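Fair warning: this is a prediction, and the values are worked out from it, not measured in the lab. Proteins come first, then strands; the chains are lettered A, B, ... in the order of their sequence lines, and each starts at number 1.
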Amino acid sequence: MTTLKAVRGTRDLLPPETALWNRIEATARRVFARYNFGEIRTPVFEDTSLFARGVGEETDIVSKEMYSWEDRARAQSEKSQSLTLRPENTAGVVRAYIEHKLGETGQLQKLYYIGPQFRRERPQKGRYRQFSQIGAEVIGPPSAGSESPLRDAEVLEMLATLLDELGITGWQLHINSVGSSADRARYNDTLRAALVPLAHKMCADCQRRAVTNPLRVLDCKVPEDQPIIETLPKIADALDEDSKSHFAAVCAALDAASVLYTRNPRLVRGLDYYTRTTFEFTHGGLGAQNALLGGGRYDGLSEGIGGPKAPGIGFAMGEDRLVLTLQALNQGAAPPQVDAYIAPLGESLNPAALALARELRRAGLSVELGDGSFRLKKSFDAADKAARRIVILGEDELASGILTVKDFSTGIQSKVPRAELAAHLAQPAA
RNA sequence: GCGGCUAUAGUUCAGCGGCAGAACGCCUGACUGUGGCUCAGGAUGUCGUGGGUUCGAUCCCCACUAGCCGCCCCA
């Protein structure tokens, strides 16, 4: 019989790494709360058409990376339905915004989520088929200020703060504006036309991109192509006046808040719904997956899936990549040390050891419980790895109520009355 | 989906067409209630899975699976 394994592109997270995941999530929740975001939890699967209409039929995500299946009809009268594991969470959040008529509140909605997403891609380090994203959306009717460049800048400033508080040093923020969807379509045509006489001088990938996806030519990393790319029309020149001034206002607000960024006129994102501001936080040391998070404004998404006008801006950060980055920065989780390790001497002391452990744990201490069958030497060995102090519980200690405690950091051994034990163990190690 | 590299002990990895190896970790003892250092001893395992070549395959060949790197694309 073949042994079962986690399926391709999925994996188990084990201690102590899970402690790092919890720290990241706790930090994100703490920062989001300071900016008055509330948590939203949407279903892990949705109607397939939500993603087809929201993310874009022609995107790679929708055309070849979704986990979709036909949910069978239970009765003759019931139609079967195509369902899909969510490949990203923005479409689900906007669907919920529409479904619950959150626009009718007249208030700006500030929502964050943390959870698994699914894409059927070739797995690589930092790219899994089930991956976790931490994201947030600011969305609402225009009267609530949802189109204001201040919202863009606030989200970016929040992200800079979040990365700082996570302990990620050396991040870079790249921002750009892709304009309205009309601007974008017009620029796409301009670029395609401009590439016609140039493409044959470029790399094979670019020759293909020039036809299939001209915007991607801007991302080319081949050194020989760079001079040609420099001569191509800039998207900034294709923007209408509103988009230009909006982008200028975003930059001005970032300057005022001293958030460092780079204007990157080549930054184009892969999802169809992005308009105006797009951005990406990157970090070296992630290989080809150098993006920690990405996002942008999506002023037409709600209407695109049948909702009211509800401009918004949001981002999604790859939690797996935050973990990799923090580990690379030597901020991975160390095995935890409990306050005390209780070593009963002899199996007859085991019941008394449990009673003592219960007493200490109820006092709020973290306690590891050994076993009376261990020789004391073995208990010391285990205790030294797991705990700051060892508490020895033998016949003498049980009878006298005076316990033997040794502090591993100082090597000092002392006798502590049971009534004072919890307080003694609560003291920080010397 | 395409191309390249890889798969051997719990972990990181050597290795060779003829008995399966090291380091670290683990277990036992020296030391009957005292860890870290030291010393002595011990167990590590379907050599990824299936087929082929061969007297004989962990090694060579093929397929599959998985991981890593790159491409596409993206968090």
If we take the [atom1] atom in both [N] and [M], what is their distance in whole Å?
{"N": "B/C39", "M": "B/U44", "atom1": "P", "answer": "23 Å"}
{"N": "B/A14", "M": "B/G51", "atom1": "P", "answer": "28 Å"}
{"N": "B/A57", "M": "B/G52", "atom1": "C1'", "answer": "11 Å"}
{"N": "B/G36", "M": "B/A20", "atom1": "C1'", "answer": "33 Å"}
{"N": "B/C19", "M": "B/G25", "atom1": "P", "answer": "30 Å"}
{"N": "B/G45", "M": "B/U58", "atom1": "C1'", "answer": "11 Å"}
{"N": "B/A43", "M": "B/G21", "atom1": "C1'", "answer": "15 Å"}
{"N": "B/C59", "M": "B/U53", "atom1": "C1'", "answer": "13 Å"}

For the side chain of [X], starting at C-beta, report the closest nucleotide among [options].
{"X": "A/K125", "options": "B/C69, B/A75, B/G67", "value": "B/C69"}
{"X": "A/D396", "options": "B/G1, B/G33, B/C73", "value": "B/G33"}
{"X": "A/P123", "options": "B/U65, B/G67, B/A75", "value": "B/G67"}

Under a 3.5 Å limit for both distances, which nucleotide forms a Watson-Crick or G-U wobble pair with [N], could you say?
{"N": "B/G35", "result": "none"}
{"N": "B/A20", "result": "none"}
{"N": "B/A43", "result": "none"}
{"N": "B/C71", "result": "B/G1"}
{"N": "B/U58", "result": "none"}
{"N": "B/G25", "result": "none"}
{"N": "B/U49", "result": "B/A63"}

Review point. When you check the gap from the basic side-chain N to the acidic O, do A/D339 and A/R388 get nearer than 4.0 Å?
Key: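 A/R388 and A/D339: salt-bridged.
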Check your understanding: Would you call A/E230-A/R266 a salt bridge at under 4.0 Å N-O?
Key ->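 So A/E230 pairs with A/R266 through a salt bridge.
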In whole angstroms, how far is the [atom2] atom of [N] from the [atom1] atom of [X]?
{"X": "A/L267", "N": "B/C73", "atom1": "CG", "atom2": "P", "answer": "14 Å"}
{"X": "A/Y128", "N": "B/C68", "atom1": "OH", "atom2": "P", "answer": "6 Å"}
{"X": "A/R127", "N": "B/A75", "atom1": "CZ", "atom2": "P", "answer": "11 Å"}
{"X": "A/L393", "N": "B/G33", "atom1": "CG", "atom2": "P", "answer": "15 Å"}
{"X": "A/I390", "N": "B/G36", "atom1": "CD1", "atom2": "C1'", "answer": "13 Å"}
{"X": "A/L326", "N": "B/A75", "atom1": "CG", "atom2": "P", "answer": "20 Å"}
{"X": "A/E121", "N": "B/C2", "atom1": "CD", "atom2": "P", "answer": "15 Å"}
{"X": "A/M66", "N": "B/G1", "atom1": "CE", "atom2": "P", "answer": "16 Å"}

How is [X] classified with respect to the nucleic acid when contacts are heavy atoms under 4.0 Å: base, sugar-phosphate, or nothing?
{"X": "A/I392", "value": "base"}
{"X": "A/G9", "value": "sugar-phosphate"}
{"X": "A/S132", "value": "nothing"}
{"X": "A/F315", "value": "nothing"}
{"X": "A/Q117", "value": "nothing"}
{"X": "A/Q413", "value": "base"}
{"X": "A/R11", "value": "nothing"}

Check your understanding: How about A/Y112 and A/F32: are their ring centroids closer than 6.0 Å?
Key ->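 Yes: the rings meet the under 6.0 Å criterion.
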Check your understanding: Which residue pairs satisfy the salt bridge (Lys or Arg N to Asp or Glu O under 4.0 Å) criterion with at least one member in residues 274-283 of chain A, sequence neighbours excluded?
Key ->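 Those involving residues 274-283 of chain A are A/R269-A/E280.
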Check your understanding: Any side-chain heavy-atom pair from A/R297 and A/R151 closer than 4.5 angstrom?
Key ->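 Counting from C-beta outward, A/R297 and A/R151 do come under 4.5 Å.
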**Study point:** Separation of A/L166 CG from A/L20 CG (nearest 0.5 Å)
**Key:**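 Spacing of CG (A/L20) from CG (A/L166) equals 9.0 Å.
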Exercise for review: Could you tell me the separation between the OH atom of A/Y273 and the CD atom of A/E88, rounded to the nearest 0.5 Å?
Suggested key: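 If we round to the nearest 0.5 Å, A/Y273:OH and A/E88:CD are 3.5 Å apart.
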**Study point:** Centroid distance under 5.5 Å and plane angle under 30°, A/F408 vs B/G36
**Key:**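 No, the aromatic ring of A/F408 does not stack with the base.
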Review point. Checking only heavy atoms, does the side chain of A/E395 share a donor-acceptor pair with the base of B/G33 at less than 3.5 Å?
Key: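 No such pair is found, so the answer is no.
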Check your understanding: Considering heavy-atom distances to RNA chain B, does A/V7 or A/G318 have its closest nucleotide positioned more toward the 5' end?
Key ->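 Taking each residue's closest nucleotide, the earlier one in sequence belongs to A/V7.
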Review point. With no hydrogens and no angle check, do the side chains of A/Y67 and A/Q130 hold a donor and an acceptor under 3.5 Å apart?
Key: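 No donor-acceptor contact under 3.5 Å links the two side chains.
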Check your understanding: Does a donor on one side chain sit under 3.5 Å from an acceptor on the other, for A/D371 and A/S373?
Key ->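 Side-chain D/A pair, A/D371 to A/S373: present.
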Practice item. From the options A/L159, A/L163, A/L162, A/D164, select the one residue that forms a side chain to side chain contact (heavy atoms under 4.5 Å, CB included) with A/V31. Key: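 When side chain to side chain contact (heavy atoms under 4.5 Å, CB included) is applied between A/V31 and each of A/L159, A/L163, A/L162, A/D164, only A/L162 qualifies.
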Practice item. Give me the residues of residues 374-386 of chain A where at least one heavy atom lies under 4.0 Å from an atom of RNA chain B, by number, or none. Key: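 Nucleic-acid contacts, sorted: A/R375, A/L376, A/K377, A/F380, A/D381, A/D384, A/K385.
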Exercise for review: Could you walk me through whether A/D381 and A/K378 pass salt bridge (charged side-chain N to carboxylate O under 4.0 Å, His left out), step by step?
Suggested key: CA-CA 5 Å; A/D381 218 27; A/K378 179 170 171 174; over 6 Å; no
Review point. Under 4.0 Å between a side-chain N/O of A/R8 and OP1 or OP2 of B/A66, yes or no?
Key: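 For B/A66, OP1/OP2 do have a side-chain N/O of A/R8 under 4.0 Å.
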Practice item. Quick one: classify the glycosidic conformation of B/C55 as syn or anti, with syn meaning within 90° of 0. Key: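 Anti, since the glycosidic angle lies more than 90° from 0.
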